[in-house]
Amino acid sequence: MDVTAQETSTRTLSYSEAIREAMALAMEADPTVILMGEDIGVYGGAFQVTLDLVDRFGPDRVMDTPISELGGAGVAVGAALTGLKPIFEFQFSDFATLAMEQIVNQAAKLRYMLGGEASVPVVFRMPAGSGTGAAAQHSQSLEAWFGHVPGLKVIQPSTPEDAKGMLLAALADPDPVLVFEHKLLYKMKGEVPAGYYTTPIGKAAVRRAGSDLTIVAASIMVHRALEAAEQLAGEGVSAEVIDLRSIRPIDHETIVASVRKTGRLLIVYEGVKSYGIGAEISAMVAESDAFDFLDAPILRLGGAEAPIPYNPDLERAAVPQVDTILAAARRLARREV
Amino acid sequence: MDVTAQETSTRTLSYSEAIREAMALAMEADPTVILMGEDIGVYGGAFQVTLDLVDRFGPDRVMDTPISELGGAGVAVGAALTGLKPIFEFQFSDFATLAMEQIVNQAAKLRYMLGGEASVPVVFRMPAGSGTGAAAQHSQSLEAWFGHVPGLKVIQPSTPEDAKGMLLAALADPDPVLVFEHKLLYKMKGEVPAGYYTTPIGKAAVRRAGSDLTIVAASIMVHRALEAAEQLAGEGVSAEVIDLRSIRPIDHETIVASVRKTGRLLIVYEGVKSYGIGAEISAMVAESDAFDFLDAPILRLGGAEAPIPYNPDLERAAVPQVDTILAAARRLARREV
Amino acid sequence: MSTTDNRPFAIRTYSPAQLKQALKRMYLVRRFEEGAEQSYMRGLIHGTMHLSIGQEASAVASCIELTDADKITSNHRGHGHCIAKGADVARMFAEFFGKETGYCHGRGGSMHIADVQTGNLGANGIVGGGLPIAVGAALSAKRLGRKDVTLCFFGDGANNEGAFHEALNMAAIWTLPVVFICENNKYGMSTSVERSTAVRRISERAAAYSMPGVTVDGNDFSAVAEAVHHAIARARAGEGPSLVENLTYRWRGHSKSDRNRYRTKEEIEAWMARDPIARFQAELIAHGVLDEAEAIAIAEAAVSDVEQGIEFARGSAAPAIGEVTRYVYAEA
Amino acid sequence: MSTTDNRPFAIRTYSPAQLKQALKRMYLVRRFEEGAEQSYMRGLIHGTMHLSIGQEASAVASCIELTDADKITSNHRGHGHCIAKGADVARMFAEFFGKETGYCHGRGGSMHIADVQTGNLGANGIVGGGLPIAVGAALSAKRLGRKDVTLCFFGDGANNEGAFHEALNMAAIWTLPVVFICENNKYGMSTSVERSTAVRRISERAAAYSMPGVTVDGNDFSAVAEAVHHAIARARAGEGPSLVENLTYRWRGHSKSDRNRYRTKEEIEAWMARDPIARFQAELIAHGVLDEAEAIAIAEAAVSDVEQGIEFARGSAAPAIGEVTRYVYAEA
Ligand SMILES: Cc1ncc(C[n+]2csc(CCOP(=O)(O)OP(=O)(O)O)c2C)c(N)n1
Ligand SMILES: Cc1ncc(C[n+]2csc(CCOP(=O)(O)OP(=O)(O)O)c2C)c(N)n1
Ligand SMILES: [Mg+2]
Ligand SMILES: [Mg+2]
C-alpha cells in the first residue's frame, strides 16, 4: 500500500471503527456520499458501526430508512444512478433476501442493459455470519450468491486495515460493490493507517507464506486458518495462508501460483459448503495450469448443510473452527484423503 | 422406472404437456393440491403450461395471484404449512429475486427452526434460461443459488418424461422443491408414460455411455451435449453424457463413478460460469476418490460473465452451444488444456 | 342479554374461568420474560431476545377466544403470543436454553419459538415474514372448508414492508379468514412511527384494502378483546380480513443492544404507569370476577410455573452435537 | 389570466408549439409501435414487446412540461414514455434491431429502452422495479439541491407489488419531488384490476401515504396534463409526492403471446372508439391551435420519421460478437 509520509501513522482500531473512519473520510471529502439503512442514525446501527455519524453529518446524510429493504435498496440504486454515492447498510445481510431484485436485476445489470450509458456507484454493507446465537435467519453467509452475478463486485475484508481500505476502494468504484463484514470481526482490533488510502478490489493477500499446503480462507476464517497454521508449523507442516478478500473479481493469479508451489489446497469458508465460494476456488484451480501440480484432492471446509442452529454448541459445530481446520489440514498434508 | 403393465403405454408429449399432465394427475388424486401464480388461469400461463387447467379444476384451485411474488410465495408457504400442497409458478424464475425471503428464510428453514415440528410441502416452478430474446431480466439461470440453501431440493428435468415424473416426485415430497424448467424445452417432444409414476429426486441419469471423457450437463445443455457427443463419436472420441437432473441433493455416486472410469470431466451449464453449478460438480469430483483418476484439468463451460444480452447473436454467444461444447470436449480429449 | 350491561366487553363476554386464565397468562408472559432476561444476564442463554413486557394485554386479549384449531403467526417479539396461545413455559424455557426438550428442539431459540400443537405457527426473525404465511394459513382454512381463523401479529415497523401490502391485498381480494394485528409500540427499533410511516394511524391503511381498520388502546384488555372479537366473527362468517391496531409500549429496550437514545425516560415512565396487567386485574376485581387473594394466588402460580420451567429447562439434555443436520429434511 | 377562459387546461396552458410537438409525439408513438410490430412479424426483431397503442395521451401529456433535467422511470410498456421524453425513434429502432447504434448498444432491447440524455432512466422488465429507483432519483434532486422532478410510470398490476408500497411510503416521509403515474389499463396481463386489487380506484391508495391521489380519464390529453401539472408543481415546490391514475386501455394484447381470452371484442372496440390521438387532434383543431392540413402534415412527419428510423436501424452495425462482456463493468 502506498501512503504518503504524513499519513503513515497507524493507530489500533477495531474493525468497526475502521469502517466508520472510512465512511467519515469519504463523507468529508465528497458531499455526494450518503449513508442509508435501518437504525443507523441515533441508534448507531445494530452493530454500532455508524455509531455517532449522524451527530457529525446530520440526518440528511445519515438516513434512517423504514423497514423496507427492497425499496430502500432501490432508492439507493436510483440515487446512485443520478448523482449520489449511497452506502446502504443491511442491518443483517440475511435481509438482502428481500432486496435481491434491486441488487441483482437493477444495480448489477443497469450499466449493461443500458449499453454503458449508466453507472450505479452504490455500496451495500452486509453484516454476515454466525456465532452470535441469532439462529437461522440472522446468521447466513450468502456471499456466494452475489459472486455469481456479473455486474457486481463482492469483497470480504478480514482485517481493520482492509475494512477501511477496501471500503474506500468500493466508494471510488463506479460499479456496485457489496462488502461482507463478519459480525464477529467488528470488535477485532488491528493497525489501521490514518488518512485516505485504498486497498484494491480483486487482490488476495498472502497472510503467511508456506510451502507444504495452501489454505485459502475468507473473512473470519483467515484468523482461524492462521491459528491452525501456527500449530501446523509446530508439527513441521508449512502452510501458506491466503486471505481471499475479493470474491468477485477473484484473484486467480495469487491462488493458482500458491497451489503451483505447494501442490495442496484447502479452502475454508463459513457459508454452506455446497455451491459455496469454496466450490468456485476449487474449480478455478482444477481447470488451471496448477492442476498438474496437485498432489492431493482439493479439500473444502465449509459450513454444514443446515441452517445455523440456535444451540451454541450446535452453532459452533456448524461452521469451521480452528480444530476442524487443523484436522483437515493434517489429513491433506499426510494425504489421508 | 417401475410402472404397472396398464400404465406402460407411452405417448409423445411436449415438455409442457408432460408438466400439465403431472399437475392434473396430482390434482385429481389429491384435493389439497392447488396451483398458484400470475396469469395461470384463463391466460394459461406465460408459457401456456397450465393452459386449460382452470377450466378443469376451477379458479379456486388454479388461482391467479396479483403481481406480488413475495406475498404470493409466502401465501404458498403458509398454505403448505397448514394442509394444502401448492404448486407456485413464478412467471419467470427471475422474479423469484423478489421472493428469496420466503423461499430461503421461511420455506427452506421452517422445518429446521421448528425442530422438525413443521413441514412445508410446496413446489415452486421456475421457468428459466435464455434464448427467447427477453434480455437481462427475463433470462437468468439462478439455480446455483438455491443449491446453496439447505432445506430446499432443486431439480432440473431435461426431458418430458422426467418433467412429469420429477414433478410428481416433488409433489410427493414433504419438503420444498424448486423445479427449474428451461423455457426452450417447453415445446420439446418426447415419450411420456401414461398414468402416475415418480422419477426420484437426487439421481442423475447416464444418457449416453462412453469411455474417454465424461460430460455432465444440466437441463437444455443435455441435448446440446448429446449432439456434441454424437459428433465426437465420429471423431473417435467416446463421451459419456450425464444428465444432472438434481442439483440438491446432487448425485455424487453417478458422477464420481463416471469420472473414475473416463478420467476426464467437462461440465456444461447455462448459468453464469463462476460460482455456478459447475463449480460444485468440479469441486465435488476434485475432493473425491476420483481425483487420482483425473487425467486432465476439469473443464467448465458455463454462461458468460455478463447479463444475458438482447441482440440475438450476442445472446447465443453468451451460453454454451453445440459448437462450443464440441470445441471444449476436443481440447479436453486431446489434453490441450 | 341485557341492554343495560355497562360492564366492559371482556367482563360481560367471557366466563370467569376464561378471564382468570387470561390474567394468569399475562402474569406468565411478564414473569417468563423477566426469567429469560435474568437467565440471559447470568449467561445461561445466549443470542438476543426481544421482550414484550408492557404489551401483555395485546397478546393475551387477542387470543382469548381462540381454540387450538385457530392459528397465529407471530414476530420476533413473540413470547407473549406464544403463551397467549397456550404454550407451556417449561418447554419455552427449554428452547431458550437450547435444549432438545424445547419447542424447537433447541434449533430455533427465542426468535423462532413456535408451538404447532396449539396453533402457533411460529415467531419470525424476519420483520413482516409472517404476514403472507398467515394469509396462506387462512387460505388453507377456506379451501379445506375449516372454520379456523388466523391471527397475524406484527409490529408498527413491519407495516412498511412490502410483505404487509401484498399480504393484506391478497387476504382482501380472496376474502380470507385472517385478522391482522398490528402491535404499535411507537417504534420499530429506534425509528418512530412518525419518522417511518406516512400515515398517522396504521389502521388507516386498511382502507387501501377495503377492509375494516380500527385502533384501540392496546393496554386495555377489554378494548383489544372487543376489537379482535369482532374481527374474528367477521372472519368466521366468511366476510374477510380486518386490521386491528393495538397502541402499546415496550418497557424494555428493543433487544439486548439498545442504548435507548431515541426515547426519553419520561416517556418510558409514563407508559409504565399504564401497566396492562395491573389495569386488567383491577378491572376483574372491580367487577367481582375475582378478589385480591385470588389475584395474588394467580400471580404466585405464574411465578412458580416460571421457576419450575427454568428448572425443567436447566435439567434437560442438549441436542447431540452430531445432530447439526437433523431436521433439515423430513426423516425417511 | 382571464377567469372566463373555458378552454381545456392544456390548450390554455401550453404554447401552440408545445401542443403540436405533443401531437407529433403521440403519432410517433403509434407509428413507432406499428413499425415495431410489423418488423417483429417480418422476423426482423426477436424477443417480445409490449405495445402501448391506445395509451399515447397518458405518456405524452404527462411529460409535456418536463425538461431534459427532469427524470422519468418507465416500465415494460415503455416506448411511449421514451418518445414522450424526447427520444429519437431512429435510435429506438436501432435498439429493437439489436444494433450498436441503439440507445442501449443492442444489449437492452424493448424492455430496457432508455435515453439517459433526455432523462429517461429506463424501461424496466421487472414490474414495480422502477418505483424505488424513481424515489432514489428524487432523493438525489433534493439532496443535491436540484429542481428537477421525477415522473414514475407504472401499471395497475404494479400497484400490488411490495415495491409500490415501500416506494410511496418513503417518497412521502421524505417529501420527495416525485410523481407516481399509474397507467391503469384495466389489466395486468390477463388479471383485471377487480380480481387483483382490493380497492376500487388505485388512487385511493394515496391516502395510505398521506399524499394526494387523483384519477383521470387517461385518454383525455388535457385531463392528464392538468393532473400531472399540479403534481409536478407540488413536487417542485418541495411539498412532496402525488399519485395520478390515468384510466386508459391497450388496444393490443399484453405481449406477443396473448390469446385475449380475458376480455371481449366489444370491450376492445369500445375503447378503440376513444382513440386519444384523434380526440386530442380534434381538440387542437377545435381550439384553433392547428388546422386539418397541419394535422395531416404532423401525422405524415411521424410516418416519415418512423420509416427513416427503420432504415437507420437496418443499416446500422450489430455489436461485435466478441463483445458479450463489454459494458458489464465500467471501462478503465
Ligand atoms: C426484514 C427485517 N428487517 C429488519 C430486521 C431487524 N429488526 C428486527 S426487529 C426490528 C424492529 C421491528 O419493529 P416493529 O415491527 O415495530 O416491532 P417491535 O420490535 O417494535 O415489536 C428490526 C428493524 C429484521 N429482523 N427483519
Ligand atoms: C416482478 C414481475 N412480475 C411479473 C412480470 C410479468 N409481467 C410483465 S408485464 C405484467 C403485467 C403488468 O401489468 P401492469 O402493471 O398493469 O402493466 P400493463 O402491462 O398493463 O401495462 C406481468 C405480470 C414481470 N415482468 N415482473
Ligand atoms: Mg414497534
Ligand atoms: Mg395494466
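Throughout, a chain's letter reflects where its sequence line sits, starting with A, and its residues are numbered from 1. As a basis for the values below, the full set of heavy atoms in this structure was taken, side chains included, without hydrogen atoms, waters or symmetry mates.
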Problem set entry | Cationic N near anionic O, under 4.0 Å, E183(C) to R77(C) |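 No, no charged N to carboxylate O under 4.0 Å.
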For the side chain of [X] and the backbone of [Y], is there at least one donor-acceptor N/O pair under 3.5 Å apart?
| X | Y | value |
| --- | --- | --- |
| Q140(A) | G129(A) | no |
| R61(A) | M27(A) | yes |
| H46(C) | Y310(A) | yes |

At a heavy-atom distance under 4.5 Å, which candidate from [options] has the highest pair count against chain A?
| options | value |
| --- | --- |
| R107(C), K99(C), M189(C) | M189(C) |
| E95(C), R261(C), M49(C) | R261(C) |
| A158(C), G162(C), P319(C), A320(C) | P319(C) |
| G109(C), A318(C), A163(C) | G109(C) |
| S255(C), S190(C), S110(C), S196(C) | S190(C) |
| N159(C), V328(C), N160(C), N124(C) | N160(C) |

For this session: Count the heavy-atom pairs under 4.5 Å between each of A306(A), A46(A), P312(A) and chain C, then report the option with the highest count.
Result: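 Between A306(A), A46(A), P312(A), the count favours P312(A).
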Exercise. Between E315(A), Q137(A), R316(A), which shows the greatest number of heavy-atom pairs under 4.5 Å with chain C?
Worked result: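 Max contact count across the listed options: Q137(A).
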Using a distance-only test with no angle check, is there a side-chain donor-acceptor pair under 3.5 angstrom linking [X] and [Y]?
| X | Y | value |
| --- | --- | --- |
| E267(C) | Y249(C) | yes |
| E245(C) | N184(C) | yes |
| S139(A) | S130(A) | no |

For [X], which atoms come within 4.5 Å of any heavy atom of chain A: side chain, backbone, both, or neither?
| X | answer |
| --- | --- |
| D258(C) | both |
| R195(C) | side chain |
| H112(C) | side chain |

For this session: Measure the acute angle between the ring planes of F95(A) and F92(A), then classify it against the limits of 30° and 60° as parallel, tilted or perpendicular.
Result: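 F95(A) vs F92(A) ring planes: tilted.
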Quick check on [X] against chain C: is it the side chain, the backbone, both or neither that has a heavy atom closer than 4.5 Å?
| X | value |
| --- | --- |
| S68(A) | both |
| Q91(A) | side chain |
| L314(A) | both |

Exercise. Under 4.5 Å between any side-chain heavy atoms of I53(C) and R250(C), yes or no?
Worked result: no
